[in-house]
2 protein chains.
Amino acid sequence: MSKEGGKEGGLSRTPPRDRIIETARDLFRKHGLRGVGVDAIAEAAGTNKMTLYRHFGSKDDLIAACLSEAGKEAAQEWDEWDAEFPNAPMNQLHEWIGCAVSCAIEDPRGCDIANAAIEITEPDHPARKVIAQVKSAHRDRLARICRDAGFTDPELLADALTLLVEGARVSWQTVGPQGPGSRFVDVAEAIVAAFAERSKVAADVAG
Amino acid sequence: MSKEGGKEGGLSRTPPRDRIIETARDLFRKHGLRGVGVDAIAEAAGTNKMTLYRHFGSKDDLIAACLSEAGKEAAQEWDEWDAEFPNAPMNQLHEWIGCAVSCAIEDPRGCDIANAAIEITEPDHPARKVIAQVKSAHRDRLARICRDAGFTDPELLADALTLLVEGARVSWQTVGPQGPGSRFVDVAEAIVAAFAERSKVAADVAG
DNA sequence: TTCAAATGGTACTTACCGGTAACACCGCAA
DNA sequence: TTGCGGTGTTACCGGTAAGTACCATTTGAA
């Protein structure tokens, strides 16, 4: 018994660094980056401010780490779709469109990365490069799927869909689920259909 | 001379309330709502914290007033287009599309209303109703133009364009002007063209 | 057992912020 | 002159924030 030394939670089995990032992501999402202090994060993570500062040199670095983690999670989601629908880019595209709304229904606070980009005003903030990198990677991956699906001008389609989903997530926060965001799936699928038609024409010409 | 009592700036001729709102809007836009204090606003406006609190009961009320003012400004812009292109909704639509990018080039910080919606996490913040009201009005006005232009399903087109412009303004803040936002005009005009085609077909069938 | 690294705990510094109190000033109208 | 509303000035309160110093505790490996 004394050797096992039964720990309390079960969450506290995970190393403090992971707990801090997980907790910080949750609190940042709920209250905004400037709306929560490092002390509250540390306490909610079941640790204290000192260990937080030993792992992350500053609050800004912690923010950057959180966004990087969010980016990793998003990439994993892409990987899962890739595994679920191998060599079926159209399926992956529809899955992506559907996921945007389902995620918004669960939690209307939008995209952590985009929210951070808006909340952070300092141009040299350490999170800025993370934001740009994650968003660019997302854009490239979406364009790759569009290219694999055989669309003509896949980059334009990817950009259009990117603008739509970013706009929908903002719209959900300004006017709620009854606003323009409610038509996101309709618009997105319509654009995909329009591009598909154009691509078919192009394919016919080429063939 | 002594009677005239030449005031200093010229800006200070305007009543303090107006100066405070103007200054606050500028600082909020630059540093975020939580990134600037009421003391800094008052000082930058050439007045002091007390007069600020006499005009606005709290910082949150000041924020709401600033957003309301921004909404008024946007409505005035619509009015100007309406006067410049009377009974020419398509011209107004193209003007609106072009304005979104030109505004973004001047200042990439996006839309004050949308930014506030993201930065404000309290659901009962006094600015929330202002945000919803202004954005809804914007949506309705855009839909009205689309309806006047004779599009079928004008609401869907208005929502699509709304999502696009909101997304573009976010994208400019995440990955800069080289990101998906750079294709905003292409995508928006393409969607308008696609809707116009569909509307023409519908008109033929109806006629 | 011993040592070192990681962690927890507490207190502290420095600074800011939202909001209020009290008082002085100035212009203007009665 | 008197009075008053709008304004300016200073000081203050309570709270919170980021970041650091210092020391006790635990843990795991040599």
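Reminder, nothing fancy here: chain letters follow the sequence lines and each chain counts from 1. A quick note: this is a predicted structure, and the numbers were derived from the prediction, not measured. All heavy atoms count here, side chains included; hydrogens, waters and symmetry mates do not.
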B/Ile145 and B/Trp96: CA distance, side-chain angles, deciding distance, side-chain contact (heavy atoms from CB on, under 4.5 Å) verdict: CA-CA 11 Å; B/Ile145 288 184; B/Trp96 176 82; over 6 Å; no
Where the side chain of A/Tyr53 is concerned, which of D/dA18, C/dT7, D/dG8 is the nearest nucleotide? D/dA18
Check: B/Arg139 side chain, B/Thr162 main-chain N or O, donor-acceptor pair, under 3.5 Å: no
Between P on C/dC17 and NE2 on B/His31, what's the gap in Å once rounded to a whole number? 12 Å
C/dG8 OP1/OP2 closer than 4.0 Å to side-chain N/O of A/Thr47: yes
Starting at CD1 of B/Ile20, measure out to CG of B/Leu27 and round the result to the nearest 0.5 Å. 12.0 Å
Atom pair distance, as rounded to whole Å: CG in B/Asn48 and P in D/dA11: 14 Å
Does A/Met50 or A/Val38 map to a spot on DNA chain D nearer the 5' end, using the closest nucleotide for each? A/Val38
Using whole Å, report how far CZ of A/Arg34 lies from C1' of C/dC16. 13 Å
For B/Arg54 and B/Lys59, take the nucleotide of DNA chain C holding the closest heavy atom to each; which residue's nucleotide lies nearer the 5' end? B/Lys59
May I have the distance from A/Lys49 (atom NZ) to D/dA17 (atom P), rounded to whole angstrom? 9 Å
For B/Arg17 and D/dG6, what is the distance between atoms CZ and P respectively, to the nearest whole Å? 13 Å
Between CG of B/Asp39 and P of D/dT10 the distance, given in whole Å, is 12 Å
Which is it for A/Arg128 and A/Asp124 under the salt bridge (Lys or Arg N to Asp or Glu O under 4.0 Å) test, yes or no, and what are the steps along the way? CA-CA 7 Å; A/Arg128 286 237 87 98; A/Asp124 57 338; over 6 Å; no
Do the side-chain N or O atoms of B/His55 get closer than 4.0 angstrom to the phosphate oxygens (OP1, OP2) of D/dG6? no
Could you tell me the separation between the CG atom of B/Asp60 and the C1' atom of C/dC17, rounded to a whole number of Å? 13 Å
In whole angstrom, what separates A/Leu33's CG from D/dA17's C1'? 15 Å
So, does B/Arg198 use its side chain to make a donor-acceptor pair with the main chain of B/Thr152 at under 3.5 Å? no
Report yes if at least one side-chain N or O of B/Ser58 is closer than 4.0 Å to OP1 or OP2 of C/dG18; otherwise report no. no
